[in-house]
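A short worksheet on the structure shown next.
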Amino acid sequence: MKYVWSIILIISGINIKAQSEPCYNCVKVIFIVDNSGSVSSQMFSDMKSTVDQLSTNYLALNNNLEIAIVQYATLTGAGIDHQYNITVPFTNNAITASNWGRFYNNWNQDHLPGSLAKMRLDGVWNAGGLIDITSENCKIEFILITDALRDSQSWGSCCSDLININFAPNALPNYDEYNNLKYVYNAEFTVIHDPFLSSSAFGAGAAISSVGGNYSGVIDNNPGDPQGSGALPRKYYSGTLLLSQNQIDSIVV
């Protein structure tokens, strides 16, 4: 039902971001970490270092903040299986937030819209869900860290996908899994992305990101974005998975 309402908002052209920013009681930060086969051990180590440093800085900054970490991957073979793992449920303890390792060591692909769709359909975000972002009046921030391409349509096989085209029939089309989170939960997205120098992948990562930050490069068309398709700058960090301290500081504000 929530998504039906968000579609009405999209069709009617209402930009909910133009409304007054609500007053929040707390902040919840959800890290979404790519575990695809293209992520080497070194790349994953860089990802973890970035996530752990961001978590430490966030938790030191705000007593009313909680961190959660989700890993995702897709297994292909006889079928296509998009999965997620709630690696760290919401916590405000820095030691707990850093006590995690790679979950999907042998899964070969990634399709984030497919994994997000499974989370949505499983009620993960709902009141009482595994990552409840509904029942409290909290500011919701997603931080995606990945090496995924825009889509694997040109390959003719699944998957290295930030956008849903063919390989996740239960997922909302195009960028709408992200747009739905933005509309329904007023969520903000920061994307940390190293996509093998693919210009279309850079554009996709920027289109998922929320307005803010310093990125003003190429951006894909995303007509469902509540902040406006093509609006710049974006909270997008490209070309590396291991952020510098200056980049960490620019995110944790």
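The chain is numbered in sequence order, starting from 1. Everything quoted here is computed from the prediction, not taken from an experiment. Quick note: numbers below take in every heavy atom, side chains included, and nothing from hydrogens, waters or symmetry partners.
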Is it true that a side-chain atom of [X] and a backbone atom of [Y] form a donor plus acceptor pair closer than 3.5 Å?
X	Y	value
Asn137	Cys23	yes
Ser152	Cys158	no
Ser45	Ser41	no

Would you please say whether a donor-acceptor pair under 3.5 Å links the side chains of [X] and [Y]?
X	Y	result
Tyr175	Asn221	no
Asp132	Ser135	yes
Glu177	Asn179	no
Thr76	Asn108	yes

Taking Leu144 as the fixed residue, which of Leu162, Thr190, Ile192 is the one that meets the side-chain contact (heavy atoms from CB on, under 4.5 Å) rule?
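Between Leu144 and the candidates, side-chain contact (heavy atoms from CB on, under 4.5 Å) is satisfied uniquely by Leu162.
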So which atom in Ala148 and which in Ala201 form the shortest heavy-atom distance, rounded to 0.1 Å?
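So the two residues come closest at O-CB, 4.0 Å.
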Determine whether Gln247 and Leu242 satisfy the following criterion, side-chain contact (heavy atoms from CB on, under 4.5 Å), listing intermediate values before the conclusion.
CA-CA 10 Å; Gln247 289 172 318; Leu242 183 63; over 6 Å; no
Listed by chain and number, what are the ring-ring contact (aromatic ring centres under 6.0 Å, His included) partners of Tyr104, not counting sequence neighbours?
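Residues passing ring-ring contact (aromatic ring centres under 6.0 Å, His included) with Tyr104: Trp107.
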Apply ring-ring contact (aromatic ring centres under 6.0 Å, His included) to Tyr237 and list each qualifying residue two or more places apart in sequence or on a separate chain.
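Per chain and number, Tyr237 pairs via ring-ring contact (aromatic ring centres under 6.0 Å, His included) with no residue.
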Those residues that, when tested against Arg102, pass salt bridge (charged side-chain N to carboxylate O under 4.0 Å, His left out) (two or more places apart)
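Here no residue qualifies.
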Contacts of Asp110 that satisfy salt bridge (charged side-chain N to carboxylate O under 4.0 Å, His left out) - sequence neighbours left out:
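Here no residue qualifies.
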Which residue pairs pass the ring pair (Phe, Tyr, Trp, His ring centres under 6.0 Å) test with at least one member in residues 197-220, sequence neighbours excluded?
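Of all non-adjacent pairs touching residues 197-220, those that pass ring pair (Phe, Tyr, Trp, His ring centres under 6.0 Å) are Tyr215-Tyr236.
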Could you name each residue pair satisfying ring pair (Phe, Tyr, Trp, His ring centres under 6.0 Å) that touches residues 70-89, not counting sequence neighbours?
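The answer is His82-His111.
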Tell me, yes or no, whether the heavy-atom count around Asn106 atom CG, taken from other residues, nucleotides or ligands under 6.0 Å, exceeds 12.
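Result for CG/Asn106: open.
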Thinking salt bridges, do Asp225 and Arg234 make one under a 4.0 Å N-O criterion?
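Salt bridge present between Asp225 and Arg234.
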Dump the intermediate steps for salt bridge (Lys or Arg N to Asp or Glu O under 4.0 Å) on Lys28 and Glu136, then the final yes or no.
CA-CA 10 Å; Lys28 291 183 181 289; Glu136 298 179 85; 3.2 Å; yes
What do you reckon, are the aromatic ring centroids of Trp125 and Phe90 less than 6.0 Å apart?
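Centroid separation for Trp125 and Phe90: 6.0 Å or greater.
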